[in-house]
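Because only heavy atoms are used, hydrogens play no part in the values below, and waters and symmetry mates are left out as well, while side chains stay in.
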Amino acid sequence: MKAAIWPAPSSEFFQPWFDFYPLFAAESGGKQLVEKGKAQFNGPAGRKVANFWKKLYADGLAQKEKYNGDAFADGKAAMTIAGPWAAKAYGEKIDYGVVPVPTSTGKSAATTNTFSDAKSVAMYSSCKARGTAWDVLKFATGKEQDGKLLDLTGQMPVRDKLNTAYPDFFDKNPQYKGYAQAAGHTVEVPNVPNSITIWQTLRDAYSRSVIFGKTHPGTALDKAAAEAEKLAGQR
């Protein structure tokens, strides 16, 4: 093993979804990155998460170079942050367990928020057959179709009380129960103007301060938050 955990330390705007954001969602009790035009990530929860990751990097428990592959599957890291896709990807190849991400107060799995990376569907206001389109959307996201999605892919539908909605599936596939419980406490990316630039601003600040230790995390987060609020207010 070369690391306790090995998230990608690269600079793409979406990388916070796989290191900072899941822990921030849990630590903050379900806050989004930006809410009502105000950045949330530079508050106490965000600072705790940033300092947590900084210590992992400083102590060599997370690596500062990118691993080309799956560090957990290849036995290079002891842990990973992964969604329900991992159950099929790892299968019987790895003897592993599933737990929620850590928080400073040790929240239980039943109360821990997480990032779902949900994929959404929408209907344009310019649609010329809204009634038909709406019927298709209702069908595609109905309980029966959600059940088929779950059965075929192991992906969690965005639906409350999944464990009780599809008891047969979870009885046959108990490795998914933890993910189903978490599906009721998910946090998404905020729907704000310039969202990609906001995420990139956060990632750049995080990389400089947390991964490479070139500046203090609190200072970096405050600067990124000020920029994020300016970007979120632009239309």
Side-chain angles (χ1 to χ4, degrees), residues 1 3-9 14-36 38-63 71-72 77-84 86-87 96-118 156 158 160-164 174-190 198-199 202-203 205-207 209-211 213 215-225 228-229:
M1 295 278 179
I5 191 167
W6 200 332
F14 53 81
Q15 291 300 348
W17 302 346
F18 309 106
D19 47 30
F20 177 83
Y21 205 41
L23 271 70
F24 172 71
E27 184 67 32
S28 68
K31 289 184 178 180
Q32 289 188 324
L33 198 74
V34 177
E35 295 180 356
K36 297 180 179 180
K38 297 295 183 181
Q40 304 297 310
F41 57 83
N42 63 322
R47 290 169 186 265
K48 287 180 181 179
V49 171
N51 286 324
F52 172 81
W53 280 112
K54 182 179 181 180
K55 182 170 176 56
L56 288 182
Y57 282 106
D59 291 350
L61 298 174
Q63 298 296 306
F72 179 65
M79 297 175 285
T80 189
I81 296 175
Y96 69 95
V98 178
V99 296
V101 297
T103 59
S104 62
T105 58
K107 293 180 182 178
S108 68
T111 60
T112 299
N113 294 88
T114 190
F115 171 56
S116 73
D117 194 16
M156 302 293 108
V158 181
D160 288 337
K161 301 178 181 178
L162 281 176
N163 280 331
T164 56
Q175 68 271 32
Y176 288 102
K177 287 185 177 181
Y179 292 109
Q181 183 182 56
H185 306 278
T186 56
V187 179
E188 306 305 333
V189 297
I198 290 173
W199 284 108
L202 169 63
R203 188 60 179 180
Y206 179 91
S207 296
S209 62
V210 173
I211 299 176
T215 186
H216 188 276
T219 302
L221 289 179
D222 281 343
K223 185 176 180 180
E229 289 175 4

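Nearest heavy-atom pair across Tyr21 and Leu33 is OH-N, 3.2 Å. Minimum heavy-atom separation, Ala39 to Glu229: N-OE2, 3.0 Å. In plain terms, the two heavy atoms of Tyr179 and Gly83 that are nearest each other are OH-O, 3.3 Å. Pairing each heavy atom of Ala78 with each of Met1, the nearest pair is N-SD, 3.5 Å. Minimum heavy-atom separation, Pro22 to Pro16: CD-O, 3.6 Å. In terms of heavy atoms, Glu35 sits closest to Gly30 at OE2-O, 4.3 Å.
Rounding to the nearest 0.5 angstrom, the gap separating the OH atom in Tyr206 from the CG atom in Asp19 is 4.0 Å. Rounding to the nearest 0.5 Å places OG of Ser104 at 11.5 Å from CG of Asn51. Rounding to the nearest 0.5 angstrom, the gap separating the OG1 atom in Thr215 from the NZ atom in Lys223 is 8.5 Å. Summarising the geometry, atom CZ belonging to Phe52 is positioned 10.0 Å from atom OG1 belonging to Thr103; distances are rounded to the nearest 0.5 Å. Expressed to the nearest 0.5 Å, how far OG1 of Thr105 lies from NZ of Lys48 amounts to 7.5 Å. Rounded to the nearest 0.5 angstrom, Asp222 CG and His216 NE2 are separated by 10.0 Å.
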Problem - Derivation of the side chain to side chain contact (heavy atoms under 4.5 Å, CB included) call for Thr80 and Tyr96 - result: CA-CA 10 Å; Thr80 189; Tyr96 69 95; over 6 Å; no

Exercise for the section: Check the pair Gln175 / Val98 against side chain to side chain contact (heavy atoms under 4.5 Å, CB included), numbers first and verdict last. Expected result: CA-CA 8 Å; Gln175 68 271 32; Val98 178; over 6 Å; no

Problem - Pair Asp59-Lys54, salt bridge (charged side-chain N to carboxylate O under 4.0 Å, His left out): steps then yes or no - result: CA-CA 8 Å; Asp59 291 350; Lys54 182 179 181 180; over 6 Å; no

Exercise for the section: Carefully, step by step, assess Ile5 and Ile81 under the rule side chain to side chain contact (heavy atoms under 4.5 Å, CB included). Expected result: CA-CA 8 Å; Ile5 191 167; Ile81 296 175; 4.0 Å; yes

Problem - Met79 and Phe72: CA distance, side-chain angles, deciding distance, side chain to side chain contact (heavy atoms under 4.5 Å, CB included) verdict - result: CA-CA 6 Å; Met79 297 175 285; Phe72 179 65; 5.5 Å; no

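Here the side chains of Phe18 and Pro7 are not in contact, with every heavy-atom distance at 4.5 Å or above. A 4.5 Å side-chain heavy-atom check between Lys31 and Val187 finds every atom pair outside the cut-off.
Arg47 places a side-chain N or O within 3.5 Å of a backbone atom of Asn42 that can act as its donor or acceptor partner. Distance alone, capped at 3.5 Å, places no donor-acceptor pair between the His185 side chain and the Thr114 backbone.
Contacts of Lys177 classified as side-chain contact (heavy atoms from CB on, under 4.5 Å), with partners at least two apart in sequence or in another chain: Asn163, Phe170, Asp171, Pro174. Ser116 meets the side-chain contact (heavy atoms from CB on, under 4.5 Å) test with Ala118, Thr186, Glu188; sequence neighbours excluded.
Note: Trp53 and Tyr57 have tilted aromatic rings, judged against thresholds of 30 and 60 degrees for the angle between ring planes.
Outside the 6.0 Å centre-distance limit, the rings of Phe20 and Trp199 are not counted as a close aromatic pair.
Shown here is Lys107, whose NZ atom has more than 12 heavy atoms of other residues, nucleotides or ligands within 6.0 Å.
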